[in-house]
Structure formats: C-alpha cells, structure tokens
There are 2 protein chains.
Amino acid sequence: MLSDVMEDYLKATYVLQREGGPPVRTSDLAEYLGVTPPTVTSMLEKLADRELVEREKYKGVELSDEGETVALEILRHHRLLESYLAEHLDYDWSEVHEEADALEHHISEAFERRVANALGEPRVDPHGDPIPTEELAPLADDDTAALADIEEGETVTVARVSDRDDEHLAYLAERGIEPGAELDVVTVAPIDMVTVHVEGDEIHLPTAIAASIRVERETRATA
Amino acid sequence: MLSDVMEDYLKATYVLQREGGPPVRTSDLAEYLGVTPPTVTSMLEKLADRELVEREKYKGVELSDEGETVALEILRHHRLLESYLAEHLDYDWSEVHEEADALEHHISEAFERRVANALGEPRVDPHGDPIPTEELAPLADDDTAALADIEEGETVTVARVSDRDDEHLAYLAERGIEPGAELDVVTVAPIDMVTVHVEGDEIHLPTAIAASIRVERETRATA
DNA sequence: ACTAAGTTTTAGACGCGTCTAATGCGGGGT
DNA sequence: ACCCCGCATTAGACGCGTCTAAAACTTAGT
C-alpha cells in the first residue's frame with residue numbers, strides 16, 4: 001500500500017523528468033513539493049527500497065517502470081477529475097487543479113472508470129494535457145515548444161497551459177490564452193517579456209509565464 | 001486544521017450518540033472505528049483539548065456544539081457524495097458507501113455546493129438518511145423504529161437502511177428492501193429471526209440485520 | 001461493604017513524514 | 001591540480017496516530 005505522499009513524490013518525479021533527460025535532482029523535488037531537501041532524500045531512499053525509483057546517490061533519481069506506472073495512474077486520476085469537474089460540475093477551467101489534487105489519491109478504480117465513461121474516454125484534459133490510458137501506457141513524447149523559446153514573427157497554436165498555478169491560469173484564460181488559441185509572437189524583449197497578439201488583443205507576458213505555455217509551431221492534422 | 005482522523009472520530013461520535021442519551025463510551029468508538037481503546041482515549045484527549053467534545057474521564061464523551069458542527073459537515077459531504085454517485089455516476093445504491101467514505105474528507109466547499117446544486121438540494125440520501133443542510137443545523141430527532149422491534153402483524157414502511165455494510169445492503173436491495181418499501185411483519189421468531197412480506201415475497205432476516213432497518217409505523221404525509 | 005469482572009486510562013514504544021543543524025561529496029574556476 | 005561552494009546526505013529530533021502491557025477505576029454481585 002503506497003501512501004498519498006509517496007504517490008506525490010512519484011508524480012512529481014514524473015513531471016520533472018524530461019524524456020531521456022538527466023535524473024531528477026533532490027532540490028528540484030524539494031522545491032516542487034514544498035519540503036526540505038533532507039525530507040526528499042529520506043523519501044527517495046524508501047522509494048528506492050521499494051524499487052519505484054532508481055537512485056544514484058548525489059546524482060538524483062529516475063522512475064522505474066513500476067514507479068512510472070504509479071505516476072501515470074495518479075496523473076490519469078488528476079486529469080480525468082479536472083475534465084469531469086470542468087465538464088459536469090460547472091467548474092471554471094482555471095479552478096479545477098486544486099480540487100483534483102485533493103481527490104486524485106482517494107478515488108477507486110470503479111470511480112475512475114465511471115468518470116472516464118461519463119466523459120466519453122477523453123484523450124486530453126481542459127489544460128490540453130494528455131490523459132494516460134486505462135492501461136497506463138507511457139505517454140508519447142512531447143513535440144511542442146515553450147512559448148518563451150519562439151522567435152519574433154512566428155505564429156503558433158497553444159497546445160497546453162501548465163496547471164500548476166490557478167491564479168495565472170485564470171489570468172490567461174480571461175485573455176483568451178487557452179488550448180487551441182492562435183498566437184502571433186510580436187516581440188521578445190530582452191527584459192524578460194514577450195508580447196503576443198491573440199484574437200486582436202496585444203498581451204504582454206513575463207518570460208517565466210511564457211515558459212509554462214506549450215505551443216505548436218505549425219498546424220498539423222490530429223486524429 | 002483538523003486531521004481526517006479527527007473528523008472520523010467526531011463523525012463516529014455523532015452516529016453513536018443517541019439524542020439526549022448517555023455519553024459515547026471509549027470501547028464503542030474503538031469497535032466502530034476499528035482501533036484499540038487506548039488509541040481512542042488519546043484521541044479523545046486531543047479532541048477535548050480543542051473543545052470539540054466534552055469528556056468525563058472513565059464515563060465517555062459528548063460532542064460540543066462545535067464538534068457537532070464538524071460532524072454534520074462530514075455527514076453532509078458523505079451523504080451528498082452517496083447521492084451524487086448513485087444519481088449521476090451510475091453507482092448502485094448499495095456500493096456508494098465506501099467511495100463516499102474515502103472522499104468525504106477531501107472535497108472543498110465549492111465542490112459541496114456544486115454537487116448539492118447538481119442534485120437539486122436533496123434532503124435525504126439513497127439510504128434514506130437525512131442530509132444536513134448547508135448551514136449544518138442539527139438534524140431533527142428520529143421518529144422511526146427498528147424493524148427488529150415491530151410486533152407481528154404490523155405493516156410498516158422502510159425509512160432508512162444502515163449504510164455501514166455494503167454486502168448486506170446489496171442483499172437487501174436485491175430483495176426490494178429499500179426506502180419506501182412496504183413490509184408486512186409476519187413472524188418474529190424467538191431464534192433471532194424476523195419474517196416479512198415485501199412485494200409478495202417472503203423474506204427472512206436475522207435480528208441483527210432487522211435492527212439496522214428503520215421503519216415508520218404508519219404512513220404520514222411528508223413535504 | 002468487599003471483591004471480582006470489565007472497562008478505561010497510563011506508560012512506553014514504533015513507523016511515518018517532516019524539520020534543523022552538521023557533515024560530506026563533487027564539479028568549476030583559478 | 002586544488003580549493004571552494006553548492007548541493008546532497010547523515011544525524012538527531014518532533015508530532016501524529018497507532019499499538020501492547022500494565023495499572024487504575026467503576027460497578028455489580030454477594
């Protein structure tokens with residue numbers, strides 16, 4: 001039986017781990033989870049004992065296959081819940097994250113199935129993030145770019161907006177920056193600011209925010 | 001900030017406490033919650049420190065007004081969740097209890113309101129139990145009787161069926177014993193068994209089960 | 001009133017997840 | 001090649017919720 005907290009560490013490791021990238025470091029997890037580094041070290045030891053992560057001391061951790069499966073299960077719960085709250089309980093797109101975080105550890109298999117069914121087995125959640133399948137197959141690599149890395153003059157489509165901060169989300173949603181929106185990147189200023197046009201309006205975004213908006217460079221056909 | 005466990009103790013104290021009755025005893029709570037008596041004692045001390053219960057050593061506890069409010073809040077969550085699962089997520093009446101127990105500590109005010117709204121502000125849950133109002137006003141006294149206490153020959157209407165055991169519930173539901181059903185009490189045998197007629201069928205029930213079925217002696221108009 | 005049975009509380013321990021303070025490792029700049 | 005600084009780990013503590021074993025209280029029966 002995995003504790004809620006262990007599940008949180010696995011989920012955090014998953015989202016912090018870039019495909020094929022370097023191991024996730026202690027301090028990154030500490031910051032992401034809002035705990036101190038020693039706390040992370042001791043939790044990582046337990047996770048390694050249970051073979052949910054592969055750990056190399058002083059280097060960091062990577063999820064084992066089993067650990068990844070657990071992370072995908074929690075992520076599936078999270079994203080199904082977000083979708084359900086938005087679609088059936090009249091939640092606003094930007095206020096769904098916190099509630100899903102609270103519930104994701106506590107729903108049964110039956111609940112998961114019924115919610116997925118009620119939604120028609122969706123593939124992405126309201127933020128644009130992919131929902132793991134019931135079989136928890138690894139998610140396909142991400143071929144989007146961060147808005148912060150786009151050159152001036154390009155036109156891109158918003159693919160996903162990070163769900164980490166409800167406040168930012170509400171701000172962006174109000175201004176029309178949500179999955180599917182078309183953006184013209186007008187200027188990338190050297191003062192940590194990017195300017196875009198969306199639906200005729202001009203929007204200024206600090207780089208930190210622009211980094212959490214994933215975009216597609218050219219329109220492509222999707223199934 | 002109350003822990004989940006504290007909320008469980010308060011809820012348990014609420015359901016074990018008969019209106020105006022004697023204080024709830026340590027061993028009753030221990031059995032109900034599946035923990036040992038010393039564990040209950042130490043938790044009760046903490047609850048008394050926070051003035052959520054009034055405790056008299058060696059005698060038992062009663063909920064304070066504040067403790068009762070917390071219990072009613074959890075009960076409201078529980079019963080709204082049961083209702084929602086049954087009505088909107090295709091759960092069977094007899095399998096909602098466990099899921100509601102897992103979720104009841106983790107939903108927000110917003111969630112509670114939206115679920116209540118989606119259901120049309122119901123007054124009772126699928127088991128027939130009353131749902132506390134949003135203002136958490138104390139629930140009216142119960143004027144029902146236990147089926148086990150009914151005399152032979154009487155005809156009664158099922159008001160509520162305890163939601164403590166999903167297995168029993170499924171069994172009873174299959175045989176038509178659910179809120180609103182009319183029962184003729186045929187025999188009350190001295191061997192811990194009562195026999196009733198429901199919808200033409202004859203059903204035999206051990207007294208322990210009959211004790212958990214609350215019935216109304218005569219039909220009365222209800223708003 | 002005394003005593004025995006049953007219940008409750010006290011005492012002391014443990015695992016979990018967290019912290020702070022102290023120590024240890026390792027990679028980059030001179 | 002060395003040293004330093006940043007990051008990670010070890011050491012030791014704490015609160016929570018739980019347990020078992022032992023002591024204390026209550027109460028019912030004689």
Side-chain angles (χ1 to χ4, degrees), chain A residues 1-18 21-64 67 70-71 74 101-102 104-106, chain B residues 1-14 16-18 21-63 67 70-71 74 101-102 104-106:
Chain A
M1 211 40 21
L2 255 40
S3 70
D4 294 2
V5 173
M6 281 188 173
E7 291 180 349
D8 280 333
Y9 278 81
L10 294 172
K11 179 182 154 204
T13 304
Y14 184 88
V15 322
L16 256 21
Q17 166 181 287
R18 288 285 131 254
V24 178
R25 294 174 320 152
T26 300
S27 51
D28 293 341
L29 283 165
E31 174 171 10
Y32 188 90
L33 292 167
V35 297
T36 60
T39 301
V40 173
T41 297
S42 84
M43 193 67 222
L44 256 21
E45 278 167 7
K46 288 172 199 167
L47 259 10
D49 286 350
R50 296 192 185 216
E51 303 191 12
L52 293 161
V53 298
E54 271 140 44
R55 181 163 114 94
E56 200 175 344
K57 262 170 109 169
Y58 291 100
K59 295 293 169 52
V61 287
E62 290 176 24
L63 291 174
S64 69
V70 173
I74 303 304
D101 254 2
E104 64 190 6
H105 303 294
H106 306 289
Chain B
M1 211 42 22
L2 255 39
S3 70
D4 294 2
V5 173
M6 280 188 174
E7 291 180 350
D8 280 332
Y9 278 81
L10 294 172
K11 179 182 152 202
T13 304
Y14 184 89
L16 256 21
Q17 165 182 286
R18 289 284 130 252
V24 177
R25 292 174 321 151
T26 299
S27 51
D28 293 341
L29 283 164
E31 175 173 8
Y32 187 91
L33 293 166
V35 298
T36 60
T39 301
V40 174
T41 297
S42 85
M43 193 68 222
L44 256 21
E45 278 167 7
K46 288 173 199 166
L47 260 9
D49 286 350
R50 296 189 184 220
E51 303 192 11
L52 293 161
V53 298
E54 271 140 44
R55 179 164 115 95
E56 202 176 342
K57 262 170 114 171
Y58 292 100
K59 295 294 169 50
V61 287
E62 291 177 23
L63 291 173
V70 173
I74 303 304
D101 255 1
E104 65 190 6
H105 303 294
H106 306 288

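Naming: A, B, ... by sequence-line order, numbering from 1 per chain.
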Treating primed atoms plus P, OP1 and OP2 as sugar-phosphate and everything else as base, which nucleotides of nucleotides 14-29 of chain C get B, S or - for protein heavy atoms under 4.0 Å? ---SBBBB---S-S--
To check you understand the geometry: which heavy-atom pair defines the closest contact between B:L63 and B:Q17, and what is its length?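 Taking every non-hydrogen atom into account, N-OE1, 3.3 Å.
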Over all heavy atoms of both residues, which pair between A:E62 and A:G21 is shortest? Give the atoms and the distance, please.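 Minimum heavy-atom contact is OE2-O, 4.4 Å.
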Show every donor-acceptor pair shorter than 3.5 Å between a side-chain atom in residues 23-48 of chain B and any protein atom, with sequence neighbours excluded, or say none if there are none.
residue	atom	partner	partner atom	Å
B:R25	NH2	B:D28	OD1	3.2
B:T36	OG1	B:T39	OG1	3.0
B:T41	OG1	B:P37	O	3.3
B:S42	OG	B:T39	O	3.3

Side chains of A:V53 and A:L10: closer than 4.5 Å at any heavy-atom pair?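 When only atoms from C-beta onward are counted, A:L10 and A:V53 do touch, with a gap below 4.5 Å.
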Considering just the side-chain nitrogens and oxygens of A:T41, establish if one lies under 4.0 Å of OP1 or OP2 belonging to D:dT10.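 No.
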Among the candidates D:dC7, D:dT9, C:dT8, find the nucleotide nearest to the side-chain atoms of A:R55.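 Side chain of A:R55 sits closest to D:dT9.
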Rounded to the nearest Å, what distance is computed from the [atom1] atom of residue [X] to the [atom2] atom of nucleotide [N]?
{"X": "B:R25", "N": "D:dT27", "atom1": "CZ", "atom2": "C1'", "result": "12 Å"}
{"X": "A:L44", "N": "D:dT10", "atom1": "CG", "atom2": "P", "result": "12 Å"}
{"X": "A:E45", "N": "D:dA8", "atom1": "CD", "atom2": "C1'", "result": "11 Å"}

Out of curiosity, B:E104 CD to B:D4 CG, how far, rounded to the nearest 0.5 Å?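 Answer for the CD-CG pair, B:E104 versus B:D4, is 9.0 Å.
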Can you sort out the partners of B:E7 under side chain to side chain donor-acceptor pair (under 3.5 Å), two or more places apart, ordered by chain and number?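 Testing B:E7 for side chain to side chain donor-acceptor pair (under 3.5 Å), a comparison that skips the adjacent residues, returns B:H105.
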